Every structure is written in C-alpha cells, then in structure tokens.
Amino acid sequence: MSDQKRLFLVDAYALIFRGYYAFIKNPRINSKGEDTSAIMGFMNSLLDVIKRERPDHLAVCFDKGGSADRVEMFSEYKANRDATPEGIKTAVPYILEILKAMHIPIMVKEGFEADDVIGTLAKKAEKEGYKTYMVTPDKDFAQLVSENIFMYRPVFGGGYETWGIPEVQKKFEVTDPLQVIDFLGMMGDASDNIPGLPGVGEKTAKKFLATYGSMENLLANTHELKGKMKEKIEASKELGMLSKKLATIMLDVPVEFDAKDFEMSEPDIPKVTEIFQELEFRRLIDNFVKTFALENSAPSNQLSETSKTENTPKATPKEEASAGAGQFSLFGASAPLSNQSAPLSKQNNELETEYTRNTIATTSHFYQSVASGMATQLFIKNLMSQSSVCFDTETTGLNPIEAQLVGIAFSWDIGKGFYLPFPEAKNEAQELIEQLRPFFESEQIEKVGQNLKYDIKVLRKYNIKVKGKLFDTMLAHYLINPDMRHNMDVLAETYLNYTPVSITELIGKKGKNQLSMRDVPLEKQTEYAVEDSDITLQLKEHFTKELGEANTQKLFDDIEIPLLRVLADMELEGINLDTEFLNSLSEALNNDILNLEKEIYATAGEEFNIASPKQLGIVLFERLKLVDKPKKTKTGQYATSEDILSYLAKDHEIIKHILEYRGLAKLKSTYVDALPLQVEPETGRVHTDYMQTVAATGRLSSNNPNLQNIPIRTERGRQVRKAFIPRNEDYVLLAADYSQIELRIIAALSEEETMIEAFKNGEDIHASTASKVFNVPLEEVTREQRGNAKTVNFGIIYGVSAFGLSNQTDLSRGEAKELIDTYYETYPKLKAYMSKQVDFARDHGYVQTVLGRRRYLKDINSRNAVVRGAAERNAVNAPIQGSAADIIKIAMINIYNKLEAGNYKSKMLLQVHDELVFDIYKPELEELTTLIKTEMEGAFIMDVPLDVEVDTGVNWLEAH
DNA sequence: CACATGTGCAA
DNA sequence: TATTGCACATGTG
C-alpha cells in the first residue's frame with residue numbers, strides 16, 4: 001500500500017443516470033409525488049465511495065452546455081438522445097445543494113463535458129504526483145487509464161471494480177489504453193451518436209485492433225479486407241476519422257488543478273440531514289451519519305494495487321435484527337417455544353454437538369442445515385410449535401410438474417433459519433416429506449412465502465396439501481403497488497436495502513452449463529435457500545403494515561390468497577389437447593403457405609423472406625414502389641403492419657397474398673405448431689402458468705403457453721379451438737362468459753340510467769347505443785351503425801380520441817368527433833364519471849376498483865401532455881378493467897369452493913379475463929351449469945345485472 | 001445465446 | 001393519437 005496522495009473525480013451525470021435507471025422499474029416516489037430515484041441513486045454511490053475509500057481529495061464534475069467543439073465537428077453529436085427525463089432534471093438542483101452542504105467541491109466548465117474536465121484534471125494531477133480515480137461507469141474513460149490514473153467503476157449489484165492498465169488491456173484486447181479511442185471510433189456509440197464504421201461492432205473492432213492497432217493503420221490498409229466489409233469501410237474513411245475524434249476525451253480544458261481546491265472537509269451534518277428529511281430518505285440519513293461518524297476510526301486506505309471486485313452488502317437489516325441473538329444457540333431467545341414439551345437446553349445440546357459442521361454462521365446471521373434423522377425429528381418438533389413459519393422450496397427446475405425437491409428452507413425468527421436437504425431417491429424424499437406433512441397440513445400454523453403458488457404446486461406433486469393461513473409477499477406487494485416488479489431480489493433491495501445471493505451466482509446462467517440445485521454444495525444451498533426465506537419473513541413484516549395502510553388487507557385475505565390455491569389447482573389440472581388434429585391442421589396450413597409464397601415471389605420478381613418486415617418493406621416500397629411516400633417505423637424501416645397494408649390491398653393483388661400469408665404463418669408458428677410442444681409428457685396435458693402479479697389492473701396473465709390469446713375472430717384461426725377437448729368421452733367442455741361485463745360496470749359506476757335501463761331490459765347494447773346516437777328506431781339500426789357504436793362503446797373504456805376512433809372505423813376525423821360528442825350527449829353521466837375518476841386520481845394519486853384494488857398514477861399531474869394523457873386514460877380504464885378482474889376472481893373462488901365441497905369430478909381449467917372454461921363430468925352437467933351461472937352472476941351485485949352465457953361442446957370452439 | 005424490433009393474437 | 005397482456009420470427013452482435 002502506498003501513501004501516494006489520491007484524488008477522486010466523480011462523473012456526476014453518469015452516476016445520476018445510472019441511479020435513475022436502476023430504479024426505473026420501482027421508482028422512488030416520496031409523499032409529495034416527487035421522483036427521487038436519481039438523487040437516491042447518486043447519493044448511494046457517492047456515500048459508498050466515501051465510506052470505502054475515505055478520500056481526502058474529491059470533486060464532483062458536471063457537464064454544462066455540452067461539448068461545443070464536438071458539435072462543431074459533427075452536428076448530430078448526441079443528437080439522438082431522448083430529452084433528459086423529468087426525474088433527472090428535478091434531481092440536479094437537489095444534488096448540488098446536498099454537495100454544497102457536504103462541502104464537496106463541484107467542478108463545471110461551460111462548453112465542456114465532464115469527461116473532458118475529468119481527463120484534464122487527471123492528467124494535471126498526475127504531474128503533481130497524485131493517483132487519480134475516475135468514479136464513473138462509462139467505459140469511454142478507459143482511454144485515460146495510466147499508471148497513476150484508474151477507473152473506479154460501480155458494479156451492478158453493489159461494489160466497485162478498479163480498472164488499471166492490465167484490466168483495460170484485457171477488457172478491450174488492446175496493448176495501450178489509448179487504443180480504446182480507436183476501439184470506440186470503430187464500433188461507434190449509439191448513446192453519444194458516434195457513428196463508427198458501418199458494419200463494425202465490438203467483435204470486429206477488437207479483431208481490427210489486434211491486426212492493425214489503430215484506426216489510421218486500418219484505413220491505410222483496407223486493401224487487405226474482403227467483400228462487403230471492404231467496400232463499406234473504404235467508403236467511410238472520413239466517418240472513421242471523425243468518429244475517432246468524437247470519441248477522444250479532450251485534455252486541454254482550461255481548468256487548473258490546485259490540490260487545496262479538492263480537499264474534503266467536515267460536512268454540515270444538520271444541513272444535509274435536513275435536505276434528506278425533506279426528500280424522505282430515512283435510510284440514507286442513517287447511512288450518512290454512520291459514514292461520517294466513523295470517519296476517524298476507519299482505516300484510511302483500502303484500495304489494493306490490483307483490481308478486485310467487491311460485493312459486500314451494505315449495512316443489512318440482518319445485522320440490526322439479529323444483534324444480540326446468541327450466535328450458536330439453535331433457537332433464539334425470542335422464539336416462541338412455550339408449547340415445547342422437552343427442555344429446551346437439552347435439545348440445543350444434542351443438535352449443536354452433532355451438527356454444527358453444517359452450520360453457516362457469520363457475525364450477522366445464523367443458518368443451519370438439518371441433516372440426519374435425529375436432527376430432523378427435533379427440528380420438526382420445534383417447527384410444529386410455531387404459529388407462523390416462512391418456507392421456500394428448492395427444486396431441480398422451474399417446472400413444478402417435473403421438478404423434484406432438493407431441499408426446503410424454513411425460518412420463523414428474523415436473522416435465523418434452517419435448511420432441510422432432500423435425498424435424491426424418490427421413496428426417501430417421500431419418507432422425509434411425510435414427516436413434514438403435519439406441518440404443511442396444519443390449519444393452525446401460518447405459512448409465509450414468496451410466490452407460494454409454486455411451492456404449493458411442487459408439494460402437491462408429493463401429495464401434500466398446504467393448509468392453514470397463507471401470506472405471500474409477492475401478492476402483498478402486488479396489492480401495495482401493482483405497477484412495480486415483485487421478484488424477491490427487487491423487493492429485498494427496495495425494502496431491506498439488501499442484495500441477496502443471486503440464483504445465477506449459484507447455478508450459472510441458463511442454457512449451456514447451468515447446474516441443478518442438486519449439484520450445489522450443501523453449504524451454498526443452505527446459505528441461499530435460508531437467506532431467501534429469511535428475507536421473505538422480513539418482507540412480511542414490512543408488507544403487513546403497508547397492507548393495513550393501503551386498506552387492501554381484505555382484498556389480500558379474501559381474494560388474492562384464496563385465488564392462489566385455485567390457480568395452483570387449475571394449472572396442475574391442465575387441459576387435454578388434440579395434437580393429431582393440430583398436426584393435420586399444420587399440414588394444410590403448410591400447403592397454403594407454400595402456394596402463397598410462390599405467387600408472391602412471382603409477383604415480386606424475386607425470392608425473399610416474407611416474414612421479415614425489413615425485406616418485405618424493401619420489396620414493396622423500393623422495388624415495386626407501391627406507394628409514393630411509405631410510412632416508416634421509429635427506427636426508420638418501412639412500416640408493413642396489417643393496418644397499413646390493408647389500405648393497399650384493394651389495389652394490389654400481392655398485398656392480399658402477403659396479408660393472407662402473414663395470417664397463416666402466424667397461426668402455424670404461434671399456435672398450431674407451438675401448442676403440441678407444450679404438452680407435458682408426464683400428464684399428456686397442457687399446463688399454463690397464470691401470473692397473478694403482472695397486470696397492473698388486477699387481471700391475470702397466462703404463460704407457457706398463453707391460453708388467453710387463442711384465435712377466435714377468423715374462421716381459419718378459430719379452428720385452433722377445436723384442439724382443446726374434454727378429458728375423455730365422459731366429459732364435455734363448458735365455457736361460461738360474462739356478457740359485456742366492462743360496459744355493465746361503467747354503466748353501474750357512472751349511474752348512467754339510459755345505459756342501465758338498456759342492460760336491465762336485456763337489450764343488445766351496441767344496437768341500443770347505435771339506435772340512440774344515430775337517432776333511428778332499434779329495428780332500423782344497420783350493421784354498420786351497430787359496428788361503429790360497438791367500437792365507440794369499447795373505445796370509451798380505453799379513453800379513445802377522435803383520431804383513434806377514425807383509425808379504427810371508416811369514419812373521418814370529423815365524423816368520429818361528432819359520433820363521440822353525440823355519444824356523450826346520449827350518456828352524459830358516463831362523461832361525468834370519467835372526469836370524476838381523473839379528478840380523484842389528481843387528488844389522491846391513485847384510482848381504485850370496486851374492491852379497493854389501487855393503481856397509482858404518478859404521471860397524472862405531469863406537465864407533459866402526452867404522458868399526462870396516458871395517465872388520464874389509465875384513470876378511467878383501470879377501475880373498469882380492474883373491477884371486472886375482481887369480480888371474476890370472486891366467482892372463481894366461490895365456484896372452486898363449491899366444487900371442492902361437493903366432491904364433484906368436474907374441474908375448472910381456464911380463465912380468459914371474462915370467461916371460465918370447465919371440464920364437466922357429464923352426469924354433473926345440469927347441476928353445474930346452474931351452479932356456475934349463478935355463482936358468476938352473483939359474484940358482485942350492482943345496479944346493473946351481470947349476465948353469463950353458458951355453452952358446452954366436445955371442444956372449446958363448440959362450447960361458445 | 002441474448003436482446004431489440006416489428007408484428008399480431010386475445011379480452 | 002385506445003387498455004391489458006404474451007410470443008413469434010428476424011436481425012444483430
């Protein structure tokens with residue numbers, strides 16, 4: 001370790017952007033509605049650097065006014081950047097204020113980028129004998145690295161890595177860091193809009209550097225290149241040199257390095273605390289105070305000469321939670337053991353002496369494997385004495401139907417937990433799980449978990465039914481904020497400020513050499529599995545409070561948790577698929593596709609890939625020149641979507657063929673050929689996976705395969721439905737659909753009598769609407785009028801504009817506007833209701849469904865009209881779509897319970913938003929038809945009756 | 001092999 | 001410049 005003086009130069013905007021985007025899926029919004037993600041992200045990084053390195057010289061560098069020189073060289077420099085996000089613009093003044101209060105020097109130079117300022121300062125400091133660390137994730141800085149200049153890069157997931165000369169050499173495959181400039185010049189940089197050489201990406205650039213060493217040398221030797229590459233690069237020599245210049249960090253910015261300007265001094269702690277308080281950064285205050293309170297006791301220099309990646313979690317809640325708990329006692333003093341019959345101390349001793357070798361205990365937590373028959377019995381005894389236990393199954397894969405148990409982690413006391421490994425032999429595993437049956441089937445013990453549907457499905461395969469109260473942290477968070485993501489890693493980072501061991505770290509990336517959990521050493525399994533259940537338990541404490549605050553406890557207890565069991569059963573049940581039928585369908589489609597292909601190639605005069613939008617666009621609009629001014633997509637390609645091609649279809653036979661080709665190819669690849677591959681060998685059926693926490697409105701979604709988008713609108717497409725068949729000839733499929741549920745909901749919620757009356761009278765609502773808005777008697781409504789009325793009826797639910805409506809119909813903009821205006825005159829309360837929703841959202845920041853399911857709309861007061869408009873449409877749509885989702889969920893739970901209680905053989909199989917599909921045992925048909933219709937229609941009572949259409953058939957198509 | 005893009009299926 | 005989703009083929013590096 002040298003005592004050379006050290007200077008840290010922080011690239012402010014790079015860290016601010018990085019911080020902002022790190023939170024992009026779960027932005028930090030404080031109670032005033034401000035997005036503080038960027039400030040939080042930046043401050044976390046800065047404090048981290050200070051805490052780790054205790055720098056005595058440090059400055060934070062900002063851009064100002066961009067790089068005048070580069071824009072002069074290349075007018076499009078950074079021109080394709082999106083506007084700086086609102087959340088970043090508002091963050092900068094705060095950050096400046098905080099830095100001032102922290103007494104941290106700030107560097108800016110008008111007309112220069114932070115890169116250039118940092119580069120210049122680093123070189124000057126080097127001359128004065130300083131070691132400089134450039135704190136930035138931006139790889140462009142690698143060009144500046146020297147013996148005394150390093151990059152100090154934040155790593156995703158926490159920690160930093162230092163790049164010196166050896167790291168840069170390795171990373172970029174260069175001998176001299178200066179060659180990084182050539183590298184960037186060759187491959188270009190999309191974010192800075194540096195063009196680079198055409199066709200040259202990372203791989204090619206590295207190859208060129210290895211052979212030619214520099215841009216200049218490459219351009220001087222292009223005769224050695226071959227083919228397309230040669231042509232393209234020879235034509236772009238100027239572009240290459242320009243790109244290199246743009247990528248070069250300038251070292252002649254008019255700034256001076258005077259060491260005393262960069263000295264850090266004691267921060268104004270009260271002032272900083274005050275700002276953090278205003279921003280509602282509670283955890284950051286602790287972190288900040290700790291960082292500076294420890295200043296004097298911390299070692300002064302932590303950087304080693306060689307680079308290393310550290311991944312040490314920051315202060316974790318575990319440390320706090322388990323402080324004082326006995327490190328090597330099996331059960332913490334606080335564990336509720338009152339039901340324990342045997343003396344506690346005796347048990348501890350037995351377990352401790354025999355099994356400490358499988359104990360993973362650090363200063364902060366205590367995780368243990370339970371690895372013998374004796375230990376297991378004692379362990380289970382304790383398990384049974386708990387009132388609430390978190391568990392997490394580890395299995396050989398993600399598919400619960402074929403997955404085998406590798407182990408189960410349990411925890412009931414924060415900071416501690418136990419891991420029960422499972423033997424590989426099936427009968428032995430079954431023996432072990434039998435010992436746990438009393439626990440899982442106990443009605444008294446609450447079970448806590450993250451995504452319990454998975455664990456329940458796995459255990460069901462071992463013939464274990466999980467009973468008792470459930471708490472699923474994923475579902476809890478879904479209700480707390482449905483727009484966010486809910487996987488455990490994100491939740492741990494957001495709520496516990498802790499990054500758990502990632503599964504990838506344990507078993508590798510999926511694909512090539514991914515390990516099975518079974519191959520992971522027991523110690524690692526234990527640490528990973530118990531950490532997850534420990535974290536889940538901690539999250540439960542957080543969410544229990546928040547559920548109460550958000551008033552969604554009832555929704556959680558009465559809807560989402562019961563539904564979880566229903567879905568687990570439906571998924572395990574699966575549905576029978578007639579694969580032979582699909583195979584014959586596939587052959588027929590293939591025939592037609594080949595014929596269309598021939599015709600299209602003949603008309604086009606060449607063969608090309610019709611399924612490639614890129615190639616198709618070029619054939620249609622460059623070769624055949626079908627249109628004067630073809631529309632382009634946002635990336636500059638020709639748009640060839642259905643709505644655009646349809647306009648051209650009447651004039652060009654080839655377009656008709658292309659549209660038909662597209663339709664058939666889609667059908668074949670997405671459904672007819674894909675579905676048979678999804679049949680589980682084990683059951684011979686198709687098992688979709690319902691996602692309960694994906695759709696922001698409260699709907700379910702369906703996965704692997706998606707059974708919620710099986711075609712129905714076209715004759716050819718709807719054939720696919722014939723492949724969904726009953727279990728056997730003793731069964732029929734029954735489909736039960738809510739008729740117009742969303743319109744009924746909006747009618748009821750808005751109290752729009754005209755529409756309510758129409759529903760009460762059992763009218764055809766679209767015809768009824770047409771009759772009113774076009775002012776004709778009901779029986780004289782034309783097909784076209786009804787069609788337009790139907791489009792508006794649906795559009796209203798989504799917040800359609802005149803523009804949107806005219807796009808969807810044959811109406812002009814003017815006609816569309818008139819239709820919408822008349823519509824609102826016909827149904828005035830509908831409009832009032834919509835405005836009321838928007839106002840509510842503005843006042844409260846959220847909207848809610850009939851059951852109180854919330855959706856937060858942070859953009860509802862945005863100054864950006866486009867963004868705000870989208871939020872306003874959500875304010876109208878979310879309560880409607882969400883209430884419909886609530887209602888069918890109630891129906892599902894009630895029907896499931898009745899089917900269970902009545903011991904029916906019939907099963908609920910699928911949910912498609914407003915439809916339920918059942919496999920009905922024929923003798924039960926009559927009884928269940930009534931039961932299903934009654935339960936669905938009675939799931940939620942409003943001023944508008946719900947109407948359910950029930951039909952049966954030998955396949956799904958016939959059941960409609 | 002991973003990712004972005006364009007397209008299109010459902011309610 | 002209409003809501004919520006999922007998945008396919010292509011193209012790229």
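From a predicted model like this one, the values you see are computed outputs, not experimental measurements.
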Under 4.0 Å between a Lys/Arg side-chain N and an Asp/Glu carboxylate O for A/Glu173 and A/Lys170?
no

What does A/Thr791 touch in the nucleic acid at a heavy-atom separation under 4.0 angstrom: a base, only the sugar-phosphate, or nothing?
base

Look at all strands and tell whether A/Ile710 reaches a base, only sugar-phosphate, or nothing, counting heavy atoms closer than 4.0 Å.
sugar-phosphate

What integer distance in Å separates A/Lys614:NZ from C/dT12:C1'?
9 Å

A/Arg662 near the nucleic acid: base, sugar-phosphate alone, or nothing, with a heavy-atom cut-off under 4.0 Å?
sugar-phosphate

Nearest listed nucleotide, side chain of A/Phe803, among C/dT1, B/dG6, C/dA9:
C/dT1

Using a 4.0 Å heavy-atom cut-off, does A/Arg855 contact any base of the nucleic acid, only the sugar-phosphate backbone, or nothing at all?
sugar-phosphate

Less than 4.0 angstrom between a side-chain N/O of A/Arg713 and OP1 or OP2 of B/dA10, yes or no?
yes

Would A/Lys631 count as a cation-pi partner of A/Tyr638, with NZ or CZ less than 6.0 Å from the six-membered ring centre and within 45° of the ring normal?
no

Picking from C/dC6, C/dT4, C/dT10, the nucleotide nearest the side-chain atoms of A/Ser612 would be C/dT10

Do any side-chain nitrogens or oxygens of A/Thr640 fall under 4.0 Å of OP1 or OP2 in B/dT7?
yes

If I take atom CD in residue A/Glu742 and atom C1' in nucleotide B/dA10, what distance separates them, rounded to the nearest angstrom?
13 Å

Any idea which of B/dA11, C/dA9, B/dG8 is nearest the A/Ala611 side chain?
C/dA9

Is there a donor on the side chain of A/Asn709 or the base of B/dC9 sitting less than 3.5 Å from an acceptor on the other?
yes

In whole angstrom, give the distance that lies between atom NZ of A/Lys668 and atom P of B/dC9.
17 Å

Quick note, A/Pro711 side chain, CB onward, closest among C/dT10, B/dA10, C/dC8 is B/dA10

C/dT10 OP1/OP2 closer than 4.0 Å to side-chain N/O of A/Asn609:
yes

Can you figure out which of C/dT1, B/dG8, C/dT3 approaches the side chain of A/Ser801 most closely?
C/dT1

Among A/Arg699, A/Glu915, A/Gln911, which residue meets the side-chain hydrogen bond (donor to acceptor under 3.5 Å, both in side chains) test with A/Gln708?
A/Gln911

Does A/Thr670 put a side-chain nitrogen or oxygen below 4.0 Å from OP1 or OP2 of B/dC9?
no

SB check A/Asp839 A/Lys836 (cutoff 4.0 Å):
no

Does A/Gln881 get its side chain close enough to the base of C/dT4, under 3.5 Å, for a donor-acceptor pair?
no

Contact list please: residues 865-877 of chain A against DNA chain C, heavy atoms, distance less than 4.0 Å, in numerical order.
A/Arg873, A/Asn874, A/Asn877

Mark yes when over 12 heavy atoms from residues, nucleotides or ligands other than A/Lys656 sit less than 6.0 Å from its NZ; otherwise mark no.
yes

Are OP1 or OP2 of B/dG6 and a side-chain N or O of A/Ser641 less than 4.0 angstrom apart?
no

Are there more than 12 heavy atoms of other residues, nucleotides or ligands under 6.0 Å from atom CD of A/Glu818?
no

Is A/Leu667 touching bases, backbone alone, or none of the nucleic acid, heavy atoms closer than 4.0 Å?
nothing

What integer distance in Å separates A/Leu957:CG from B/dA10:P?
13 Å

Are A/Glu606 and A/Arg623 close enough for a salt bridge, meaning some N to O gap below 4.0 Å?
yes

Whole angstrom is fine here: how far is it from CD1 in A/Ile658 over to C1' in B/dG8?
16 Å

Do the ring planes of A/His766 and A/Phe794 sit parallel (below 30°), tilted (30 to 60°) or perpendicular (above 60°)?
tilted

How is A/Gln615 classified with respect to the nucleic acid when contacts are heavy atoms under 4.0 Å: base, sugar-phosphate, or nothing?
sugar-phosphate

Can you confirm whether A/Gln692 sits close enough to A/His486 that some side-chain heavy atom of one is under 4.5 Å from a side-chain heavy atom of the other?
no

Categorize A/Asn704 for me: base, sugar-phosphate, or nothing, with a 4.0 angstrom heavy-atom threshold over every strand shown.
sugar-phosphate

Using a cut-off of 4.0 Å on non-hydrogen atoms, how would the nucleic acid contact of A/Ala639 be classed: base, sugar-phosphate, or nothing?
sugar-phosphate

For A/Gly804, report the nucleic acid contact type (base, sugar-phosphate, nothing); a contact means any heavy atom under 4.0 Å.
nothing

Just checking A/Glu642: base, sugar-phosphate only, or nothing, at a heavy-atom cut-off of under 4.0 Å?
sugar-phosphate

A/Tyr671 OH - C/dA7 C1' separation (whole Å):
8 Å

For A/Glu937, is there an ion pair with A/Arg744 - N to carboxylate O distance below 4.0 angstrom?
no

Please confirm whether any donor atom in the side chain of A/Gln808 sits under 3.5 Å from an acceptor in the base of C/dA2, or the reverse.
yes

Measure from the side chain of A/Ala696, starting at C-beta and using heavy atoms only, and say which of C/dT10, C/dA2, C/dG5 lies closest.
C/dG5

Of the listed nucleotides (B/dT7, C/dT3, C/dG5), which one gets closest to any side-chain atom of A/Pro613?
B/dT7

Closest to side chain of A/Arg699, choosing from C/dC6, C/dT4, C/dA9
C/dT4

Rounded distance (Å) that lies between atom P of B/dC9 and atom CD of A/Glu915:
18 Å

Taking CD from A/Gln911 and C1' from C/dC6, how many angstroms apart are they, rounded to a whole number?
15 Å

